[in-house]
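Below: the structure, in structure tokens.
Values below: all heavy atoms of this structure, side chains included; hydrogens, waters and symmetry mates excluded.
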Amino acid sequence: MDDSKIHELKLFVESCQSDPSILHNPSLGFFKTFLQSLGAKIPPASTPGAENGHTSNKDIVESDLELDDSDVVKPDDDPPQKVMGDLSIEVSDESRDLAQSLKSKAIEAISEGNLDEAIDHLTEAITLNPCSAILYATRASVYVKQKKPNAAIRDADAALKINADSAKGYKMRGMARAMLGHWEDAAHDLGLASNLDHDEEIGATLKKIEPNVHKIREHRRKYERLRKEKKVRATEHAKQKTKAETEDVKASTQTYGEVVSIRKASELETRLTASSKSNQLAILYFTATWCGPCRFMAPLYTSLASKYPKVLFLKIDIDEASDVAAKWSISSVPTFFFTKNGKEIDKVVGADKSSLENKLAKYAS
């Protein structure tokens, strides 16, 4: 496969990682089936409406991270070290010297590859001098060589409990955590060790795990941002819903002796529904700012609203509420519709004052 095809495939995989729902596209059914045959678990399709800005109640599904875990080992499940030392005992100079001698023997055994022997020497040394952080840290280093990260972490913790500035304690715990794939914790420990006493092994380990740490942090930032955006969208959606409900309540509120301006179809529907429930006569006055006859009829319409306070007087600008005008098939203005119980009962087209007054008197009585 040439480089361009590989690049295209990589882009496609990245798209699937950022939005797994695209795998539910019927045209990608063959690929989805192939992934499932390999044991892949395909996240459920996104909730309908999410594309239109509506938020889903489901959590954002995080894609898997591709990390370099080639050096990760299976956790050791050996029982905790039997000899961890008694910190309450008073260590004599003789015991301290014997412990140092045993440590030297352990170092020699390590150089010869006799790790079990080194563990034995160090364990005996810890028994003699349980207050030495370096003894625990050195035994931790042997456990690291034996690929026993949990045992190493226990010894490193003991070293750091005795000496919170033990560079070797942080180093060994960091290396052990890296062996377990605890990348961020490992980077933290190794960073502290480097600040206290940097060496090439710390630098090399940090260099190897930093790409994984970077991926994890970028991954976390990405999904924290997505969740924050989702929360913002949900908040905004809730605000819009509350605003719409408030407007609907306001729109349904009975008005007496006033002309009510309608700006959208839902507002008109709410008003007419409320008037229908109360068996109220409603008049829809379709107008336009550029219409001369409309300006001629406007003062009369306002005065009639005061004269007939039990009638609902509505005004719709056909340019501002074009959807309402289209629904009512308005071809000229001014036009007046008389409605009751949700049905049109009469209408007046044009600037006919007497006709408007006569019909209003007829239906309002």
Side-chain angles (χ1 to χ4, degrees), residues 48-49 51-55 233-365:
E51 295 81 3
N52 297 323
H54 299 159
T55 55
R233 288 196 301 269
T235 302
E236 184 60 29
H237 180 65
K239 286 182 180 178
Q240 291 176 357
K241 184 179 180 182
T242 301
K243 181 180 179 181
E245 290 173 348
T246 302
E247 289 179 352
D248 286 344
V249 171
K250 183 179 179 181
S252 63
T253 303
Q254 180 67 58
T255 56
Y256 299 97
E258 298 178 1
V259 176
V260 179
S261 295
I262 300 296
R263 294 177 176 80
K264 56 185 180 179
S266 61
E267 187 179 352
L268 175 60
E269 184 178 350
T270 301
R271 287 286 183 178
L272 292 180
T273 299
S275 67
S276 178
K277 288 180 179 178
S278 60
N279 197 32
Q280 181 186 31
L281 175 67
I283 304 177
L284 282 65
Y285 166 35
F286 287 91
T287 181
T289 55
W290 44 263
C291 170
C294 297
R295 290 193 292 271
F296 173 71
M297 294 295 289
L300 173 63
Y301 193 66
T302 301
S303 65
L304 290 174
S306 299
K307 185 177 179 180
Y308 295 94
K310 293 185 178 180
V311 177
L312 178 61
F313 286 80
L314 305 175
K315 182 174 74 172
I316 304 101
D317 187 311
I318 61 172
D319 295 319
E320 186 176 349
S322 57
D323 56 339
V324 178
K327 184 176 181 180
W328 285 78
S329 303
I330 301 302
S331 57
S332 63
V333 287
T335 295
F336 302 85
F337 286 99
F338 293 78
T339 68
K340 199 167 188 178
N341 297 324
K343 297 180 180 179
E344 177 189 338
I345 58 176
D346 210 338
K347 70 178 179 178
V348 173
V349 179
D352 189 342
K353 287 187 175 182
S354 60
S355 180
L356 178 63
E357 289 179 294
N358 292 335
K359 291 188 178 184
L360 179 55
K362 174 183 174 182
Y363 296 116
S365 58

Residue list, side-chain contact (heavy atoms from CB on, under 4.5 Å) with A364, at least two apart or on another chain: L281, Y308, V311, L360
All salt bridge (charged side-chain N to carboxylate O under 4.0 Å, His left out) counterparts of R295, not counting sequence neighbours: none
Residue pairs passing the ring-ring contact (aromatic ring centres under 6.0 Å, His included) test where at least one lies in residues 257-278, sequence neighbours excluded: none
Pairs involving residues 324-337, ordered by first then second residue, that meet side-chain hydrogen bond (donor to acceptor under 3.5 Å, both in side chains) (sequence neighbours left out): none
Atom pairs and distances, donor-acceptor, side-chain atoms in residues 312-322, under 3.5 Å, two or more places apart:
unit_1	atom_1	unit_2	atom_2	d
D317	OD1	D319	N	2.9
D317	OD1	E320	N	3.3
D319	OD2	W290	NE1	2.8
E320	OE2	R263	NE	3.1

Note, F286 side chain near P334 side chain (heavy atom, < 4.5 Å): no
S276 (side chain) donor-acceptor with L272 (main chain) under 3.5 angstrom: no
F296 six-ring face occupied by K353 cation (under 6.0 Å, within 45°): yes
Over all atoms of both residues, closest heavy-atom pair of K264 and I262: O-CG2, 3.5 Å
Test item: L284 and L268 side chains (from C-beta on) under 4.5 Å apart, heavy atoms: yes
Return all side-chain donor-acceptor pairs below 3.5 angstrom for residues 336-343, not counting sequence neighbours, or 'none' if the list is empty.
unit_1	atom_1	unit_2	atom_2	d
T339	OG1	A282	O	3.4
N341	ND2	N279	OD1	3.2

Rounded distance [0.5 Å steps], NZ in K310 versus OG in S278: 11.5 Å
Listed once per pair and sorted, the side-chain hydrogen bond (donor to acceptor under 3.5 Å, both in side chains) pairs that draw on residues 354-365, sequence neighbours left out: D346-K359, D346-Y363, D352-S354
